[in-house]
Colleague: 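Next up is a structure, given as structure tokens.
This structure is a prediction, so every number in the text was calculated from the model and none was measured. Letters go in sequence order (proteins before strands), and every chain restarts at 1.
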Protein chains: 2
Amino acid sequence: MASMTPARTSPPTDVPQLGLRERKKIKTRTAIRDATYALIEEQGYDATTIEQIADRAEVSPSTVFRYFPTKEDIVLTDEHDALILEELKARPKDEPWTESVRHIMHKAVRLGHDREPEITRIRAHLMVQVPTVRARMMESMSVASHMLAEGIAERTGRDVDSLEVRVYTMSVVAGLAEISRYWAENDFQDDLADLLDRALDVLANGLTTKNS
Amino acid sequence: MASMTPARTSPPTDVPQLGLRERKKIKTRTAIRDATYALIEEQGYDATTIEQIADRAEVSPSTVFRYFPTKEDIVLTDEHDALILEELKARPKDEPWTESVRHIMHKAVRLGHDREPEITRIRAHLMVQVPTVRARMMESMSVASHMLAEGIAERTGRDVDSLEVRVYTMSVVAGLAEISRYWAENDFQDDLADLLDRALDVLANGLTTKNS
DNA sequence: CCTATTTTGACAGCTACTCTCATTTCATGG
DNA sequence: CCATGAAATGAGAGTAGCTGTCAAAATAGG
């Protein structure tokens, strides 16, 4: 074969680093996720079995479990959390943590809305309907809580493992998680960013009694 | 077994109303729970199967599932929640809700400590170790949150279903749940009542920054 | 004691999930 | 270009939680 590109010796530097293996892995991963979301939209979560997912993704059931430890993880796992942590660490240290949280959460909301709006919605929907998914979600909240704790501990001069920091961060994260649920239960009518601001306000200032 | 009243001919009027059927049901229920806790102490949670539980409780596996929908429920389900809700409703309406919560939670802690201290500990322990149990616990928190929401909505003159109330109650309940976890992770060294007060303080006043 | 209702046990079945092992696919150095 | 080693995959068997059905046993009421 007359190869047009003699530049075989110097591979392009912008898409390299990833061998065929890595690329296939990414492909398989997204294939499984896409298949899952498609099937869920067609039949619902419970009616969708791993076998069906495997069939549509054209892999074996074994492979599905090799990529995702549980069925819930196929739906929930993403890379956002890591990104958000980076963002938090990037905020100026002297910024009040409430502002930091507001910034990164707004960014997260925008990210979800721009890149995969449909997925964001399905996820929130599943969180309302399917108990196991909600449970798994709360579990990951717990992890998020610990990440947030580091930032808050720094800024308030407390120990990360102190009861106070743990209680506070957990309450914040759980409060924020309630937003998605509220959003989904009200048929996605509200603007997520607005809900976020209202929730952060409550978490920062408490519930002001309307009369007294 | 019945170390109570020997009055065979005239059944006591304080424990009546319950036919043989109801009494057997209660017996079976507690038998299953006791068997479960015993087996868990011996072998751990995961190693304990429904079949083993059924054997020790001297019932069939079917019956176990008839009494408890999931394995986690055997460990977690109790009647406290209902009692706590009663207590909350019994508090004076003009009392600040933080005080109401403090009262009923203290009562709950005392109840757990007095009546079944071992169980309280095992439960907290399982909550730390077994993800599925923790998940199920959070789920019941969500229910508790909704109960609390009614009380808070009343006292703050807001709608029970408003975002504000939901976010706030969820954050409070989640924060309180973190107490158990902290307690168990620190080998039950602290006094639960103290932890409760500290947590409630944080939830009411926020995290006071130590320097500013 | 007899009948109606409830409770139970035995059984079959589904599915998420684990583990093992042989086969295939990719990477690499000669 | 090929041979060798490593990694990914597929196939299969097995476990356990959970659901549903149906007949047998226990209980309530007359």
Colleague: Which is more 5' along DNA chain C, the nucleotide nearest A:F65 or the one nearest B:S60? Just name the residue.
Modeller: B:S60
Colleague: Round to a whole Å and report the spacing from CD1 of A:I32 to P of C:dA16.
Modeller: 14 Å
Colleague: With respect to the phosphate group of C:dG9, does any side-chain polar atom (N or O) of B:T63 fall under 4.0 Å of OP1 or OP2?
Modeller: yes
Colleague: Can B:S142 and A:R181 be counted as having a side-chain donor-acceptor contact under 3.5 angstrom?
Modeller: yes
Colleague: Nearest-Å distance, CG (A:D46) to P (C:dC14)?
Modeller: 17 Å
Colleague: Rounded to whole angstrom units, what separation is found between the CD atom of B:E22 and the P atom of D:dA26?
Modeller: 18 Å
Colleague: Taking atom CD of B:E185 as the centre, report whether more than 12 heavy atoms of other residues, nucleotides or ligands fall under 6.0 Å from it.
Modeller: yes
Colleague: Considering heavy-atom distances to DNA chain D, does B:R21 or B:T48 have its closest nucleotide positioned more toward the 5' end?
Modeller: B:T48
Colleague: To the nearest Å, give me how far apart NZ (B:K25) and C1' (D:dA28) are.
Modeller: 13 Å
Colleague: Tell me the interatomic distance from A:R23, atom CZ, to C:dC26, atom C1', rounded to whole angstroms.
Modeller: 11 Å
Colleague: Specify the separation, in whole Å, of atom NZ of A:K27 and atom P of D:dT9.
Modeller: 13 Å
Colleague: Does C:dT7 have OP1 or OP2 sitting under 4.0 Å from an N or O in the side chain of B:Y67?
Modeller: no
Colleague: How many whole angstroms separate atom NZ of A:K24 from atom C1' of D:dA8?
Modeller: 9 Å
Colleague: Starting from P on C:dA16, measure out to CG on A:L39 and report it in whole angstrom.
Modeller: 12 Å
Colleague: Students often get this wrong, so: under 4.0 angstrom with heavy atoms, is A:F68 touching a base, only sugar-phosphate, or nothing?
Modeller: nothing
Colleague: How is A:T49 classified with respect to the nucleic acid when contacts are heavy atoms under 4.0 Å: base, sugar-phosphate, or nothing?
Modeller: sugar-phosphate
Colleague: Return the nearest nucleotide to the side chain of B:L20; candidates are D:dT21, D:dT27, D:dG10.
Modeller: D:dT27
Colleague: With no hydrogens and no angle check, is any side-chain donor or acceptor of B:T63 less than 3.5 Å from a backbone partner on B:V59?
Modeller: no
Colleague: On DNA chain D, check which nucleotide each of B:R66 and B:K71 is closest to and give me the residue with the more 5' one.
Modeller: B:K71
Colleague: Run the salt-bridge test on A:R56 and A:D34 with the 4.0 Å N-O cut-off and return the result as yes or no.
Modeller: no
Colleague: Can you tell me if B:S140 uses its side chain to pair, donor with acceptor, with the backbone of B:M137 under 3.5 Å?
Modeller: yes
Colleague: If you compare every side-chain N and O of A:T28 against the phosphate oxygens of D:dT9 (OP1, OP2), does one of them come in below 4.0 Å?
Modeller: yes
